[in-house]
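To start, the structure under review is shown below, and the notes come after it.
What's counted below: heavy atoms across the whole structure, side chains too, no hydrogens, waters or symmetry copies. So you know, we letter chains A, B, ... as the sequences are listed, proteins then strands, and number each from 1.
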Protein chains: 2
Amino acid sequence: MSYIFNFGVPGFMDALSPEQQKLVEDAGSIRRYSHKQHLQSRGDQDQAFSIIKAGSVCFGKTDSSGKFIALATLEAGQCYGEFTVFAGLPRTHDGFTVGETVISHISKARFDRLLLDHPDLAGAIIRVQTLRLHQALEWIDDLRRYPLKYRLGKYLLFILASADGPRIAITQSDLADLMGVSRVAVSGVLADYRARGFLRPVYGGLEILDSEGLRKWLRSFLTLDPLVAH
Amino acid sequence: MSYIFNFGVPGFMDALSPEQQKLVEDAGSIRRYSHKQHLQSRGDQDQAFSIIKAGSVCFGKTDSSGKFIALATLEAGQCYGEFTVFAGLPRTHDGFTVGETVISHISKARFDRLLLDHPDLAGAIIRVQTLRLHQALEWIDDLRRYPLKYRLGKYLLFILASADGPRIAITQSDLADLMGVSRVAVSGVLADYRARGFLRPVYGGLEILDSEGLRKWLRSFLTLDPLVAH
DNA sequence: TCTTGAATGTAAATAACTTTACAATTGGAT
DNA sequence: ATCCAATTGTAAAGTTATTTACATTCAAGA
C-alpha cells in the first residue's frame with residue numbers, strides 16, 4: 001500500500017539519484033519498532049525526516065469522538081516527516097507501525113544542513129511535492145464528484161497495480177478507514193462488485209477476478225480520469 | 001476569494017523577498033482578458049507560470065456530464081501554473097477569468113532559467129508547495145469527516161477573514177460550486193445558519209451577523225481543527 | 001415604470017452513506 | 001479438537017445530499 005492520494009507519484013528516495021539516496025540514508029539513525037507501536041501524535045512538535053527501512057506505518061487522524069480516518073499506510077522505502085522539515089509544521093497526523101518496523105530518522109537540523117550542502121536536492125523535492133499536491137487535488141475532486149461505488153474501484157485498481165498477484169491483503173475495515181467511510185458501505189460496494197464478477201472477497205482480503213472488466217466499467221463513469229484509462 | 005484549500009498559506013509572491021518578487025515579475029509578459037474569457041482547458045500541453053495582476057481566475061473541472069466543480073478562484077497577486085512548471089504536467093484544470101483581468105505569463109523555459117540563475121528561490125517554493133500540500137490533506141480529511149453543515153461554516157469564516165467587512169459577495173450557486181455540492185444543499189445550510197442568527201443572506205451575497213457565534217458553534221464539532229480555534 | 005434574467009426559498013422523491021445490531025464464517029491459539 | 005477473537009454479510013432506521021420543480025424576490029436596463 002502507499003499514500004492513497006499518491007499512486008503513480010515517486011517517493012522522495014525514488015526521485016533521487018543513487019548518490020543522493022546514499023547521502024540521505026547515511027544521515028539517519030536507525031530505530032526498531034514492534035507491531036502497532038505509537039510513533040507520533042498530531043500536534044507533536046518534534047521535527048524529523050524519516051525513511052521506512054522495513055515494515056510499514058499507518059497515518060491518520062482521530063477526532064475527539066474517536067473516529068479514525070486513515071490518510072495512508074506507507075511501506076518500506078517511503079518517507080514521512082516532510083511537513084515538519086520542509087515547512088516547520090508540527091506533526092499533522094497520528095502514526096503507528098503496522099508489523100515489525102525499522103525506521104531511519106534524520107533530525108531537521110541535520111536535514112537542513114544536508115540541503116545546504118547539496119542544493120541539487122531541491123529540484124527533486126520541488127518536483128515530488130508538486131506531484132503530491134497534484135494528486136491531492138485530484139483526490140479532492142474525486143471525493144466531491146464520485147460516490148464510493150466508483151472511488152473504491154479506482155483505489156482497488158491502484159492497489160492491484162503494485163501487488164504481485166490477484167490477491168489483495170486488506171480487511172474491509174482497513175479499506176473503510178482508508179476510504180474514509182463505514183465498513184458497511186465498503187461491504188455493500190464489494191457485494192455489488194462480486195455480483196458483477198469483478199472480484200471475490202476472501203477472509204482478510206480480496207481476490208480480483210476481472211480487473212479489466214472493473215476498469216472498463218469504471219471508465220464509463222470516471223470519464224475525466226486518465227488513471228483508470230491506463 | 002482564494003484557493004479554497006489554501007487559506008492561511010502565502011501565495012508564491014508573498015513568500016518571496018522584494019528582490020525576488022521583482023525578478024519574477026520582470027520575467028513575465030502582460031496580457032489582458034475580458035470577463036468570463038477562457039484561459040485553459042484540462043489537458044492542455046502549454047507550460048507557463050502566471051501571475052494575476054488584476055481581476056481573478058476561476059479554476060475547476062467539468063466532466064462529460066457537464067458537472068462543474070470549482071477548485072478555487074484566484075485573485076490579483078496570486079499565481080498559477082506551478083504544476084506545468086515545477087512538475088512538467090499538462091494543465092490540470094479548466095480556467096476562465098472572472099471580471100476584467102490582467103495576467104503576467106512566464107514561459108517554462110524562462111522560469112527554469114530564472115530558477116537556475118537564482119537557486120535561492122527553491123527554498124520559498126519548497127515551503128509554499130509543502131504548505132499547500134498540507135492544506136490539501138487537511139481539506140481531504142474535512143471532506144471525509146464532516147458534513148456540509150460544518151464545512152461551509154468553516155469556509156465562510158475563512159472568506160470573512162480576508163474580507164474587509166461583514167458582507168461576502170458570492171452567490172449561493174458559486175458557493176455550491178466551490179464546496180462541490182448542490183445549490184439546494186448550500187441554501188439549506190444557510191437557512192439553518194440564518195435561524196441560528198449567524199448570518200443573513202442578501203441578494204448576491206451574505207452578511208455575517210455573528211462570526212464569533214458561528215466560530216463557537218463550529219468549534220464544538222470541528223474539534224481537531226486549529227483553524228476554527230483561531 | 002415595466003420587463004426580464006438572475007438569484008433565492010422551499011418542497012418532494014430519490015440516492016448515498018451512517019449507525020446500530022446481530023448472525024455466520026474464518027483461522028489461529030490453546 | 002475446540003475455543004475465541006477477528007472478519008464478513010446483511011438488515012433496518014436515520015441522516016445527508018441530490019435532482020427536479022416551482023414560486024418568489026431582486027436589480028438592472030429599456
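Using a cutoff of 4.0 Å between basic side-chain nitrogens and carboxylate oxygens, B:D141 and B:R145 are scored as salt-bridged.
Within the 6.0 Å centre-distance limit, the rings of A:H134 and B:F83 are counted as a close aromatic pair. With ring centers used as reference points, B:W139 lies 6.0 Å or more from B:Y155. Under the 6.0 Å cut-off for aromatic ring centres, B:F221 and B:Y146 do not qualify, their centroids lying 6.0 Å or more apart.
Each of A:Y203 and A:S187 lies near DNA chain D, and the nucleotide nearest A:Y203 is the one positioned closer to the 5' end. Mapped onto DNA chain C by nearest heavy atom, B:G205 and A:A185 fall at different nucleotides, with B:G205 at the one closer to the 5' end. Along DNA chain C, the nucleotide closest to A:Y150 and the one closest to A:R183 are compared, and the more 5′ of them pairs with A:Y150.
For A:D192 and D:dT10, the CG to P distance is 12 Å, given to the nearest whole Å. Summarising the geometry, the separation between CE on B:M179 and C1' on D:dA17 is reported as 13 Å, rounded to the nearest angstrom. Whole-Å rounding puts the A:D177 CG to C:dC17 C1' distance at 16 Å. Atom CG of B:L143 is separated from atom P of C:dT18 by 14 Å (rounded to the nearest Å). The separation between B:D142 atom CG and D:dT16 atom P is 16 Å, rounded to whole Å. The nearest whole Å value for the distance from the NE2 atom in B:H35 to the P atom in C:dA6 is 11 Å. In this structure, A:L199 atom CG and D:dG9 atom P are separated by 10 Å, rounded to whole Å.
You'll find that the side chain of A:S182 is closest to C:dT19, out of C:dT19, D:dG9, C:dA6. Side-chain atoms of A:V184 lie closest to D:dT10 of the nucleotides D:dT10, C:dG9, D:dG9. Comparing D:dA21, C:dG9, D:dA17 by their nearest atom to the side chain of B:L148 picks out D:dA17. Distances were taken from every side-chain heavy atom of B:T171 (C-beta onward) to each of C:dT20, C:dA7, D:dA17; the shortest belongs to C:dA7.
Within 4.0 Å of A:V186, counting heavy atoms only, lies no atom of the nucleic acid at all.
Put simply, B:Q172 has a side-chain N or O that comes within less than 4.0 Å of OP1 or OP2 on C:dG9. OP1 or OP2 of D:dG9 has at least one side-chain nitrogen or oxygen of A:R194 nearer than 4.0 Å.
At a threshold of 4.5 Å between non-hydrogen side-chain atoms, the residues B:I103 and B:L39 count as touching.
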